[in-house]
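Chain A is the first sequence line, chain B the second, and so forth, proteins listed ahead of strands; every chain is numbered from 1.
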Amino acid sequence: MTITRLLIAHHKKCDDMMLATKELAAQLDWTKVDMILRELFTELEKHLNVEEDVIFPAYEKASGIRSGPTQVMRQEHRQMRDLLQALQQALAGRESEIFIKMIDTLIGLMQQHNMKEEHVLYPSCDRLLVVETFLPVIQNRLS
Amino acid sequence: MVPLRFFLTAPWFGVLAGLLLVWSGEDAFSSRWSLPLLAITHLLTTGFMLQVICGALLQFIPVVIGSKVPYSPWLSIFIQPLLALSALVLTGGFAAGSPRLLVIAASGFVLGIGIFAGVVILALWPRCQARLIQWVVRCSLISLVVTIMFGTMLAASLFRGTHAALNPLISIHLIWGLAGWALLLLVGVSWYVIPMFQLTPAYPVWFKQGFLGISLVALGCVSFGWAAHATAWTAGGESALLIIAALHALLTLWLQARRRRKINDSTLLFFRFAMVCLLTFALAGILAMRFPALMDRPDFAIGMGMLALVGVFTSVIIGMLYKILPFLGWLHLRLLNAPISEVPNMKGMLAETAMRRQLHLHLIAFALLFAGLWLPWLVRPAGLMLAISYTLLSWNLVSVMRYYKAFRNRLKETIPIRTDIKHGE
């Protein structure tokens, strides 16, 4: 197992939840939307937090690069959190059209964000960090 | 937004290509070597395709590879107009039958692409993990340089009046341009953007490595065959290129069928149409290798060109533009630090119906172009439809930017926003 594989699998899990939420919102099944969205919030928060608390600082220390990719990733994390809040508001107002457009925006943002992480940042972490030390920490935070 | 200048200029070359077809009428389809057809071909390749690809590379490289392209605002300010002007001069050279203009245009391309390719290849130099895509972009840019080199040799031959043995030079120019530059880049970029746009499974690593390796070996074989007059090498290389192109098309259609994002948006439909055309092109190419007399028929040879340019490359490029531009608009509004509630979502930047309308016009233009091969009275309507389709593309792209600017100005009036966003960001 590598950091890349572990986090790609978690990205996929979040993608599946976003897609399911969108389909359910289209069917106006708000109870299930609420349920899956809560789960998505939890998973996404775990993911963003482990990156910001563990992976990014370790990468910055090992590479010596503090204002590079991690800065962009943190900025995009903020945008994702904003979108999650907006989704909650749309859910509260049962505004399906706004909800679907918002989740489409979140999917679009996350796909390009994930691509950068999966092709640049995570492989660099696998190369620069002691994977055996970090893997259990990341697994623990994501579980 | 560095690539914007490239993206917004590009559709006008498509409009010009359509208008040129209206002007020349059925004469354009009299032969694959007719001057209006050569002008139209180069408007689509050195005009539309080259503009968008250069702009998209400046956008794509930082996303996938993590390294910024140095001097990208300068490339946009100086190289973009140089390339656009060179494409216009080249078109003028073909339309007027002036070898002098062809040489001037070739010099512009040598300078512009020389600088662009040099800067991008340098940006790709640092070692990073996305090595496969680095190699694809490098090889594709080198192929573009080789294509332009052969093009310059052709222009120089015509200028000197040495018309003998131009056909082999044209063939090698064509293969490096279509397979080495355009197809390799299209395929390499697809490996990243198709799973990203449509949430399909990833392309298998063995396929990606195999595609790049076989492409390079095949291009080497074709070039050796050309240099040593060894037709078996050329035929072997061409067959390999056609087979891997067909495999890529089949694999993409299969992956798209297994996508997790079950929406049929315009980008998906543009890509699907392009893959069907790529598959048809590869099968027609294999047929032409078995029966070489087919390529002497203007309808077959021009039909192959239409499949490649209008069917495959421009379709994929338009599909990608419809994803890139709304995303850029959204991203830059968000970078202004405006609250999310104030920023329109990505889908709000450009309505799906507007994109779908343009897709329909694109398909009608393609059908009319094909029909024009056998029904000459349809050539002018086909040109007109092509011009209308690209005008609508331009309208759609400009409307994203107008939407972006209107929101930005509204935000500036109502919310204190960041003013330190540079155009290069």
Classify the side-chain pair Y322(B)/N396(B) by whether it contains a donor and acceptor separated by less than 3.5 Å. yes
Non-neighbouring partners of K13(A) that pass salt bridge (Lys or Arg N to Asp or Glu O under 4.0 Å), sequence neighbours left out: E43(A)
For K22(A), is it the side chain, the backbone, both or neither that has a heavy atom under 4.5 Å from a heavy atom of chain B? side chain
Using heavy-atom distances under 4.5 Å, tell me whether L121(A) contacts chain B through its side chain, its backbone, both, or neither. neither
Can you tell me how far the CG atom of L87(A) sits from the CD1 atom of I103(A), to the nearest 0.5 Å? 5.0 Å
Top of L109(A), T4(A), N114(A) for chain B proximity - count of heavy-atom pairs under 4.5 angstrom: L109(A)
Residue among L106(A), I100(A), I107(A), I98(A) with most heavy-atom pairs under 4.5 Å to chain B: I107(A)
Partners meeting ring-ring contact (aromatic ring centres under 6.0 Å, His included) with H77(A) (sequence neighbours left out): F56(A), H113(A)
Taken to the nearest 0.5 Å, the spacing of R272(B) CZ from M275(B) CE works out to 12.0 Å
Do K323(B) and F7(B) form a cation-pi contact, if we require the NZ or CZ to be under 6.0 Å from the six-membered ring centre and within 45 degrees of the ring's axis? no
Sequence neighbours excluded, which residues qualify as ring-ring contact (aromatic ring centres under 6.0 Å, His included) partners of Y403(B)? F407(B)
Checking an interface table here. Which of residues 14-21 of chain A come within a heavy-atom distance under 4.5 Å of chain B? D15(A), D16(A), L19(A)
Separation between CG (L7(A)) and CD (E51(A)), nearest 0.5 Å, reads 6.0 Å
